[in-house]
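This report refers to the structure that appears directly beneath it.
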Amino acid sequence: MADRVVGSVEDRVVGVLGGGQYGRLLSEAASRLAIPLVVLDPSPASPAKQISAVSALHPSLAHVDGSYSNESDIDALAKRADILTVEIEHVNVQALFQLRDRYRTTGGHLGKGIEIFPSPESLEVVQDKLLQKKLLSTSNIPVADFIDLPTPTSESVAQAAKTLGLPLLLKARRQAYDGRGNFLLRDLTDAPRGLRTLNGPIYAERYVPDVTHEVVVVLVRNVKGEVESYGAVENVKSGKIGHLVRAPLRQGGKDVANLAQSLAEKAINSLGDGAVGVFGVEFFLRANGTLLAHEIASRPHSSAHHTIEASETSQYENHLRAILSLPLGSTELKVPSAATLNLRATPESAEEVRSVVRRALATKGATVHLYGKKETPGKADSPKGRKVGHITVVGPSDADVNDRIHQILNSAFSDDPLIPKPPKSHPLPLVSVLMGSDSDLPSVRDAARILDQFKVPFEIHIVSAHRTPTLMVQFCKEAASRGVRVIIAAAGGAAHLPGMVASESSLPIVGIPVKGPTLDGVDSLHSIVQMPRGVPVATVGINNSTNAGLLAVRILGTTIPKYAVAIEEYRVNMERVVLEKGKKLDEAGWTWKLEDKQ
Ligand SMILES: *[C@@H]1O[C@H](CO)[C@@H](O)[C@H](O)[C@H]1NC(C)=O
Ligand SMILES: *[C@@H]1O[C@H](CO)[C@@H](O)[C@H](O)[C@H]1NC(C)=O
Ligand SMILES: *[C@@H]1O[C@H](CO)[C@@H](O)[C@H](O)[C@H]1NC(C)=O
Ligand SMILES: *[C@@H]1O[C@H](CO)[C@@H](O)[C@H](O)[C@H]1NC(C)=O
């Protein structure tokens, strides 16, 4: 019988197969809601068991030391829990099927039977990469072409290569994770080696050469079939000590993010009613902007660690809410920008990782999670190292988050691919400065100077409403989803650029009338200031791009406090300068000359 906890939201006990980092982070979320959670893992010191003293809450409960592939160990977990879930995919799914039948209405901690989420049916599909691919494909979700190799021989591989071409990917159907279970076959003579390496049931997949980005969508689904998505994120390629995840996705604009989200939802729904809990769907983004679904994970995902600090409800809490039929929490981002550095350590890199962690502790917006992983003698680690922790960095803009990541990684890693090189335009701009032609450059320089002075990340482009209308529309469509918050547009003569930009984008637009060879810029001033109702453009004085820059910084200041502070300083300083000039004039009298002023 259960030991009641006063005021508890849930009396059922959650049993987790696996006690690694995901189990630990699930356990953290459970403890905040006083939800009892027991863990099955071979190691008594596994990351999840370390932080949950479940027996203090429930004297009759204790974690299980055993294997998530062993039937009797899983049974021992089931006797202590009412809801079973997994934090790793490679569990004994046959044991789960039997157990569900055995304990349908009796058994479990409360004696009322046990439930398993995600269902053994959905786990069975996710465990087998070939079944996954087939399901995605029959659900009309684009995937790389693949061929089953039921009898893997050099001949059948050669046959597959005839259809799919070389290089060819050979993939293990099961137990494939962390880069293991893939063999890139460049030449048919390598086939025997590939078959030996993978050693088990495999399939062949067409190699996709033009992948530009990895996109991941993590979502949560409950028993009623309601789905909440955390939105698309970018999985940035690995550096020396791990890989970086950025949220939200900026590549490809809203269209790609929306498409990824709807495909991910379709993928999870295709797993059936039992697909309950958190799932991750990984995609490849190709050079032409199309997406290929790559893999499904049926558990919390490393691409959503940032949701602990950056989202209204973390993926861990939402996983628990989903499997316990509690209301799902909002998945919206609480911050404009976030990134997670997933840390890996080998014995050789352990010291480097430690100094990265120390710098993170001294960095604004950074939160460190270390998993407390112990060395397991006799267990071979992945050559990339073990996942030992992660650091999430949040900030008011992508550029701030980037600076903070840069600070954490330090110049010692300056050749690290995670550190972007400084180009002329900032890669993660908050302000976009547009001009109709290169002859307008002198007129926007002061705006650029101001933005630079206030350390605002910005970009400068030539876009013409008349000569490159398609480019302009494309630019406007993508600007907001790339993280741009204000557009400054300079134009002379008939000056349509600011107005056209305002009609194609919902961002605030600041127009700069540029002085032309005739009419002194009054033509463009009138043209920019006299916008039709419903399409506002903030217009500064003729050729007064300083004010355009300052207005942009003020707009940013409404949501990013540091710019508000800087503008306040600038204003106070300006006031002081004017007062000083007044004092000088008072002292020197009206004969004071302009040249005298300092
Ligand atoms: C499963 O675990 C039990 C005890 O925990 C052990 O006796 C048994 O040998 C294990 N079975 C296998 C197949 O390893
Ligand atoms: C994108 O590129 C791939 C490979 O070149 C091609 O198969 C696919 O049809 C293209 N899709 C679109 C929409 O252009
Ligand atoms: C506009 O202002 C810039 C910088 O203040 C200056 O270099 C440029 O000559 C001005 N253009 C005109 C036409 O007055
Ligand atoms: C900005 O406008 C003021 C007032 O019209 C003018 O005196 C000043 O020269 C202008 N500044 C620039 C850089 O054009």
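All ligand and atom numbering here is 1-based and tracks the order in the structure. In what follows, every heavy atom counts, from backbone to side chain, and hydrogens, waters and symmetry copies are set aside.
- Side-chain contact of Asp73 with Ser67: a donor-acceptor pair under 3.5 Å is absent, judged by distance alone.
- Remark: minimum distance from atom 5 (O) of ligand 2 to any protein heavy atom is reached at Arg286 NH2, 4.1 Å.
- A donor-acceptor pair shorter than 3.5 Å cannot be found between the side chains of Thr153 and Thr151.
- Protein heavy atom in closest approach to atom 1 (C) of ligand 2: Asn288 ND2, 1.4 Å.
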Is there a salt bridge (charged side-chain N to carboxylate O under 4.0 Å, His left out) between Arg104 and Glu115? Walk through the geometry before answering. CA-CA 8 Å; Arg104 209 170 269 282; Glu115 290 181 284; over 6 Å; no
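- Within a 4.0 Å radius of atom 7 (O) of ligand 1, the protein contributes no heavy atom.
- Residue-environment remark: CG (Asn258) exceeds the threshold of 12 foreign heavy atoms within 6.0 Å.
- The nearest heavy-atom contact from the protein to atom 13 (C) of ligand 2 is Thr290 CG2, 3.6 Å.
- When only modelled atom types and interatomic distance are considered, His319 and Thr85 share a side-chain donor-acceptor pair under 3.5 Å.
- Nearest-residue assignment for atom 11 (N) of ligand 1 (options Asp73, Asp75, Asn92, Asn70; heavy-atom criterion): Asn70.
- Annotation: atom 3 (C) of ligand 1 to nearest protein heavy atom, Ser72 OG, 3.4 Å.
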